Amino acid sequence: DNPTTGDLIPASVTSIGESAFVDTALWNNPAEDGVVYAGNWVVGYNTVDAEGKEISISTVTLKDGTIGIADYAFLSCESLKNVLGDITNVRYLGTGAFYNCTGLSAISLNENLSEIKDYTFYKCQSLYSIQIPANLKKIGRSAFYDCHTLSEIDLSGGRVEEIGYFAFFRCKNLRTVYIPSSVRTIGRWAFHGCSRLERIEIFHDPDEIGPWIINKSCTIVCQKGSRIDAYAQEYGFQTEYVEIFRGIRWIRSDRGQPQ
């Protein structure tokens, strides 16, 4: 049987661990662009082909029918700049899938992706653009840690419920972030180290919010007297107050000063 056929991996599989197929025939026979497939899953990459020739990995084009990318599949593939092909149909994106891909500049994701797992885009320092999927519910721990170039993250159109620890830690080009009412949990240091972040807008009260989610230089825009307001006072953050009436928001003239 051809080991690259789609039925190699059962349809019930939703994750494949790091280096699961290393030193197998699959691993030693990558596609022309260096991608290693196991059925309809990307399980890694190899910079040497079956004949021992080096493969320069800059742009990869996922084959039709690709449904998953394994944990740490492109670990430290620093030359990778673009992922094309069937990427928007990928339903499962593994932990650390693009960990330390420092050259990756932009990527599109499946609108039905429900989770960006821990460390998925960790230290992707050239990543400047990413569209948050409409059905995303969770952004994992350190998912965008140290993505220096990322200047905008739009959560407003999604269903995100949880932002994990260090999720956007040290994303130095973020300037404004709006946290939609769907978000129930914001993990510790989620936006800490974002040195240019001026405002974070949180108009509702999440169920859980960790310590030091932002730097002291950032202002929390919230409703006066809310739990978020109390949180800001506890940590000494400046606040700017907003009024909401029948879905219409406007900024109040008074500002809260840290106690």
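What you see is a predicted model; the values in this text were computed from it and never measured.
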Without placing hydrogens or testing angles, list every side-chain donor-acceptor pair under 3.5 Å for residues 150-157, not counting sequence neighbours.
residue, atom, partner, partner atom, Å
D154, OD1, S156, N, 3.0
D154, OD1, S156, OG, 2.5

Distance-only donor-acceptor hits, side chain of residues 95-107, under 3.5 Å, sequence neighbours excluded:
residue, atom, partner, partner atom, Å
N100, ND2, S76, OG, 3.2
N100, ND2, E78, OE2, 3.4

Solution key, residues 180-191 side-chain donor-acceptor pairs under 3.5 Å, sequence neighbours excluded:
residue, atom, partner, partner atom, Å
S182, OG, V160, O, 2.7
R184, NE, D207, OD2, 3.4
R184, NH1, S181, O, 3.2
R184, NH2, D205, O, 3.0
R184, NH2, D207, OD1, 3.1

Solution key, residues 131-138 side-chain donor-acceptor pairs under 3.5 Å, sequence neighbours excluded:
residue, atom, partner, partner atom, Å
N135, OD1, R159, NH1, 3.3
N135, ND2, E111, O, 3.2
N135, ND2, N112, OD1, 2.9

Can I get a per-line list of side-chain donor-acceptor pairs under 3.5 Å for residues 47-57, giving both atom names and the distance, sequence neighbours left out?
residue, atom, partner, partner atom, Å
D49, OD1, E51, N, 2.9
D49, OD1, G52, N, 3.0
D49, OD1, K53, N, 2.8

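Side-chain N or O atoms of T66 include none that pairs as donor or acceptor with a backbone N or O of D86 at under 3.5 Å. Without hydrogens or angle criteria, S226 side chain to D229 main chain gives a donor-acceptor distance under 3.5 Å. With H192 contributing its side chain and F169 its backbone, the two residues share no donor-acceptor pair below 3.5 Å.
Considering every non-hydrogen atom in both L197 and C218, the closest pair reads O-CB, 3.5 Å. When all heavy atoms of T88 and S108 are compared, the pair lying nearest together is CG2-CB, 3.7 Å. Of all non-hydrogen atoms in N215 and F237, the two that sit nearest each other are O-CE2, 3.7 Å. Taking both residues in full, the closest heavy atoms of A143 and K117 are given as CB-O, 3.8 Å, listed atom of the first, atom of the second, then distance. Taking each heavy atom of I16 and A20 in turn, the nearest pair found is CG2-CB, 3.8 Å. S195 approaches S217 most closely through the heavy-atom pair O-OG, 4.3 Å.
Note that CD of E240 and CD of E198 are 11.0 Å apart. Values are rounded to the nearest 0.5 Å. With rounding to the nearest 0.5 Å, the separation of CG in N110 from CG in L93 is 10.0 Å. Annotation: the span from T239 atom OG1 to I200 atom CD1 amounts to 13.5 Å, rounded to 0.5 Å. Annotation: the span from L26 atom CG to L8 atom CG amounts to 6.0 Å, rounded to 0.5 Å. Atom CD1 of I130 sits about 4.0 Å away from atom CZ of F144, to the nearest 0.5 Å. Expressed to the nearest 0.5 Å, how far CD of Q223 lies from OH of Y241 amounts to 11.5 Å.
Taking the salt bridge (Lys or Arg N to Asp or Glu O under 4.0 Å) definition, one finds that R141 meets it with nothing, sequence neighbours left out. For F21, there are no ring pair (Phe, Tyr, Trp, His ring centres under 6.0 Å) partners at least two apart in sequence or on another chain. For D33, the salt bridge (Lys or Arg N to Asp or Glu O under 4.0 Å) criterion is met by no residue, not counting sequence neighbours. The ring pair (Phe, Tyr, Trp, His ring centres under 6.0 Å) test applied to Y231 returns Y235, not counting sequence neighbours. With sequence neighbours excluded, no residue satisfies side chain to side chain donor-acceptor pair (under 3.5 Å) with T24.
You'll find the ring centres of Y178 and F203 inside the 6.0 Å limit. Aromatic rings of Y45 and W27 (six-membered ring for Trp) have centroids beyond the 6.0 Å cut-off, not under it.
With a 4.5 Å cut-off on side-chain heavy atoms, Y92 and L113 do not count as touching. Between N28 and V36, the closest side-chain pair of non-hydrogen atoms is not below 4.5 Å. Here the side chains of V60 and L84 are not in contact, with every heavy-atom distance at 4.5 Å or above. Taking 4.5 Å as the limit, some side-chain heavy atom of I179 sits within range of a side-chain heavy atom of H204. The side-chain heavy atoms of E201 and R199, taken from C-beta on, include a pair separated by under 4.5 Å. Counting only heavy atoms from C-beta outward, the side chains of S79 and S58 never approach each other to under 4.5 Å. Counting only heavy atoms from C-beta outward, the side chains of F74 and I69 approach each other to under 4.5 Å.
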query: Taking it one step at a time, do I214 and V177 satisfy side chain to side chain contact (heavy atoms under 4.5 Å, CB included)?
result: CA-CA 11 Å; I214 54 174; V177 172; over 6 Å; no

task: Step by step, work out the side chain to side chain contact (heavy atoms under 4.5 Å, CB included) result for I228 and I220.
output: CA-CA 8 Å; I228 286 294; I220 295 181; 3.6 Å; yes

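Residue pairs meeting the salt bridge (Lys or Arg N to Asp or Glu O under 4.0 Å) criterion with at least one partner in residues 165-174, sequence neighbours excluded, are D146-R170. Sorted by first and then second residue, the salt bridge (Lys or Arg N to Asp or Glu O under 4.0 Å) pairs involving residues 8-25 (not counting sequence neighbours) form an empty list.
Relative to the six-membered ring of Y37, K63 meets both conditions, a distance below 6.0 Å and an angle of at most 45° to the axis.
Each of Y122, Y128, F121 was evaluated against C124; a single residue qualifies, F121, per the side chain to side chain contact (heavy atoms under 4.5 Å, CB included) test.
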